[in-house]
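Below is one structure; the comments refer to it alone.
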Amino acid sequence: MTRRQALRLGAVGAGSLALDAGFATAADGAGSPPAGGPPRERSFDEGWRFFRGQATGAQDPAFDDGSWRSLDLPHDWSIEDLPHAPAPDGGATSDPSLLVPKEPPAEPSPPRVIGPFDPENSEGGGSTGYTVGGIGWYRKHFTLPDPDGEDDLHHELRFDGVYQNADIWLNGVHLGFHPYGYTSFAYDLTPHVRRRGTNVLAVRVDNTGRNGRWYSGSGIYRHTWLTTTGPVRIPLWGVHVSTPVVGERRSVARVEVSLANLGEHPSSASVRVSVRDPRGRVVATAQKPAQDLPSGTTATARLDLPVRQPELWSMDTPNLYSAHTEVLVGGRPVDTLTTTFGIRSLVWDGEAGFLLNGEPVEIMGGNVHHDHGPLGAVALDRSEERRVEILKEAGFNSIRTAHNPPTPALLDVCDRLGMLVMDEIFDVWDTGKNPQDYSVHFAEWWERDLRGTVLRDRNHPSVVMWSLGNEISDNTSGHRGAEMAQALRSLDRTRPITLGGGSTHSANDPSWDYVDVDVGDVHYNANGKTYGPMHEAHPDKAMTHNETFPATPGGAATAPERSMATFTVP
């Protein structure tokens with residue numbers, strides 16, 4: 001297969017699984033405000049108060065939080081030192097540098113609590129590094145930006161991630177509950193926010209019980225954002241860009257824009273999009289005629305923009321374009337959003353393996369959890385960037401987000417630095433792996449969490465595969481897997497679906513049928529007895545090997561056993 005044939009295959013979808021380009025939204029909020037108004041999106045991380053433990057009545061705006069600790073987000077309380085009882089001689093403390101008593105006994109023993117580690121009270125035990133979860137409260141007193149501005153501004157609060165079981169109140173009104181600790185979610189503050197004067201936001205986080213198989217952290221450990229727009233707006237994750245045509249001379253960027261009218265009166269709105277190349281030059285523009293938007297409705301506008309002589313995105317040349325989307329009412333911009341993207345084609349099949357822009361790629365990567373070592377789960381942008389820099393320098397070219405959606409910042413860095421990503425959504429479905437894990441809420445919440453993850457991440461060029469789960473034990477006779485695969489494909493058909501390690505680790509794994517996976521995956525390979533039979537049974541589909549023993553890497557370029565290989569094509 002030539003490079004030109006592969007590019008054409010990736011564009012038109014003939015034969016094997018061929019996928020169009022992906023695009024990255026850096027924050028899906030970078031944009032302009034209504035004319036003369038406050039910024040469209042601003043950080044909500046600053047100026048919080050925190051209390052670790054039960055705080056009865058803390059959702060009440062009149063609650064006295066004056067003694068609570070002041071801090072900025074992101075924050076993880078499980079990595080912080082625990083209170084400790086002093087040793088009899090006063091020598092051993094929670095400070096690891098002071099663990100030597102003044103007169104050591106013949107057989108010294110460490111104190112029960114050292115820093116954040118408490119083996120007796122850690123419900124997760126060794127799985128979570130003997131750290132302690134529990135309950136924590138956050139409160140923030142804030143005023144709205146530009147209180148004397150337009151009367152019909154709408155305000156939305158977004159959390160990039162809270163671990164876990166978060167309840168949120170605004171001015172004493174319960175906005176909602178969000179159980180999953182790794183997905184982003186948002187609330188409309190408008191009905192309950194005070195335009196003038198002080199507002200009080202309260203967040204209760206419940207990280208109790210045995211709910212994790214690795215260090216999770218506790219609290220609002222990712223960023224928070226306040227989005228302010230007019231009533232006619234682009235809703236959260238409302239811009240989707242794909243490329244039905246990818247070629248060396250010409251590509252087509254298809255921009256689908258959701259338009260929402262949150263106002264009390266009908267409106268009419270049009271959409272204008274301009275595309276800029278990696279150097280900021282406008283290379284394509286298009287405008288959609290105005291369409292009616294009755295009050296309380298959402299519509300979609302689709303625009304195709306040809307891009308001549310495109311600079312394709314790859315690991316070595318991660319070229320990024322930007323699409324500037326404007327919503328116009330009466331010819332005047334009322335909402336704008338700038339989306340960063342990269343143009344590239346993907347092909348996965350059992351014969352060619354994986355082709356990026358028509359070129360074969362051997363993918364070598366690591367299973368990367370979300371924490372940052374001694375920083376805990378705190379998701380700082382620079383920490384995410386440093387992680388990718390270290391991995392690339394060590395020779396990795398891909399990351400599997402084991403075993404949950406990553407931070408938006410990590411995907412932004414992977415887009416910018418050229419790192420491929422397998423975006424994994426769940427570690428459990430209906431059947432749990434711990435008594436109080438996400439399986440308790442899965443039946444009620446999976447669709448919302450899957451939908452939010454795909455809408456948030458589907459535009460990133462670095463994301464080249466979805467994983468519906470990791471080593472799943474499905475107790476619904478395949479019903480759940482088929483349901484999830486259908487839901488995901490309704491949102492994005494530009495990438496393949498896999499299931500990490502399948503569900504039985506056998507050559508006839510049922511995930512081939514009940515999920516209808518596009519790419520088969522093997523874990524540990526049972527001394528070579530699994531990979532070969534699976535590929536022989538499904539020769540038309542590519543195979544990956546996402547978990548193996550680092551001490552047993554394979555020698556040939558097509559061998560499945562690789563040291564921490566995230567993807568290996570046949």
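Given the structure is predicted, the values throughout are model-derived calculations rather than measurements. Atom set for the values below is all heavy atoms of this structure, side chains included, hydrogens, waters and symmetry mates excluded.
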Nearest atoms (heavy-atom pairs only) where [X] meets [Y]:
X	Y	answer
L157	F44	CD1-CD2, 3.4 Å
L411	S462	O-OG, 3.7 Å
R42	P39	NH1-CD, 4.3 Å
S467	M422	CB-CE, 3.1 Å
P116	S78	CB-O, 3.4 Å
H154	P231	CD2-CA, 3.8 Å

Do the two ring centres, one from [X] and one from [Y], sit under 6.0 Å apart?
X	Y	value
H75	F50	yes
Y438	Y180	yes
H223	W225	yes
H441	F177	yes
F442	F426	yes

Salt-bridge present ([X], [Y]; N to O < 4.0 Å):
X	Y	result
D335	R233	no
R495	D492	yes
E471	K433	no
D474	R480	no

Are side-chain heavy atoms of [X] and [Y] found at a separation under 4.5 Å?
X	Y	value
V515	M484	no
F341	L320	no
Q164	N211	yes
I399	L391	yes
L73	L71	yes

Taking atom [atom1] of [X] as the centre, does the number of heavy atoms from other residues, nucleotides or ligands within less than 6.0 Å exceed 12?
X	atom1	result
R448	CZ	yes
Y187	OH	yes
R416	CZ	yes
E389	CD	yes
E46	CD	yes

Salt bridge (Lys or Arg N to Asp or Glu O under 4.0 Å) assessment of D449 paired with R451:
CA-CA 5 Å; D449 285 324; R451 178 178 177 83; over 6 Å; no

Can you measure from [atom1] ([X]) to [atom2] ([Y]) and round to the nearest 0.5 angstrom?
X	Y	atom1	atom2	value
E123	R210	CD	CZ	9.5 Å
L262	T298	CG	OG1	7.5 Å
L499	D509	CG	CG	7.0 Å
H460	L420	NE2	CG	14.0 Å
T228	L189	OG1	CG	9.0 Å
L410	R222	CG	CZ	9.0 Å

For [Y], does its backbone N or O pair with a side-chain atom of [X] as donor and acceptor, under 3.5 Å?
X	Y	value
N207	G219	no
D371	G376	no
D457	V454	no
K140	V203	no
D76	A377	yes
S43	D45	yes
N434	Q436	no
W77	G133	yes
R458	H240	no
T128	W214	no

Please test H370 against Y221 for ring pair (Phe, Tyr, Trp, His ring centres under 6.0 Å), starting from the C-alpha separation and ending with a verdict.
CA-CA 10 Å; H370 71 293; Y221 70 101; 5.6 Å; yes

The test is ring pair (Phe, Tyr, Trp, His ring centres under 6.0 Å); show your working for F159 and F185 and say whether it passes.
CA-CA 6 Å; F159 295 84; F185 59 100; 5.0 Å; yes

Do [X] and [Y] have side-chain atoms, one donor and one acceptor, less than 3.5 Å apart?
X	Y	value
S439	D430	no
E384	T407	yes
E41	T227	yes
H141	D65	yes
D427	N470	yes

Assess whether side chain to side chain contact (heavy atoms under 4.5 Å, CB included) is satisfied between L226 and E156, documenting all intermediate values.
CA-CA 6 Å; L226 180 66; E156 181 180 74; over 6 Å; no

Show your reasoning for whether side chain to side chain donor-acceptor pair (under 3.5 Å) applies to R400 and N367.
CA-CA 5 Å; R400 176 190 182 203; N367 295 282; 2.9 Å; yes

Run T544 and D521 through side chain to side chain donor-acceptor pair (under 3.5 Å) and show every step you take.
CA-CA 5 Å; T544 64; D521 182 50; 2.7 Å; yes

Should N171 and N199 be marked as a side chain to side chain donor-acceptor pair (under 3.5 Å) after you check the CA-CA gap, both sets of side-chain angles, and the distance that decides it?
CA-CA 6 Å; N171 298 326; N199 296 275; 2.9 Å; yes

The test is ring pair (Phe, Tyr, Trp, His ring centres under 6.0 Å); show your working for H369 and H403 and say whether it passes.
CA-CA 7 Å; H369 285 270; H403 299 292; 5.4 Å; yes

In terms of ring plane angle, is the pair W48 and Y138 parallel, tilted or perpendicular, where the classes change at 30° and 60°?
perpendicular

Assign the ring pair W68 / W137 to parallel, tilted or perpendicular, where the plane angle (0 to 90°) is split at 30° and 60°.
tilted

Quick one, D167 with H174, criterion side chain to side chain donor-acceptor pair (under 3.5 Å). Give me CA distance, side-chain angles, the key distance, then yes/no.
CA-CA 8 Å; D167 282 283; H174 188 240; 2.8 Å; yes

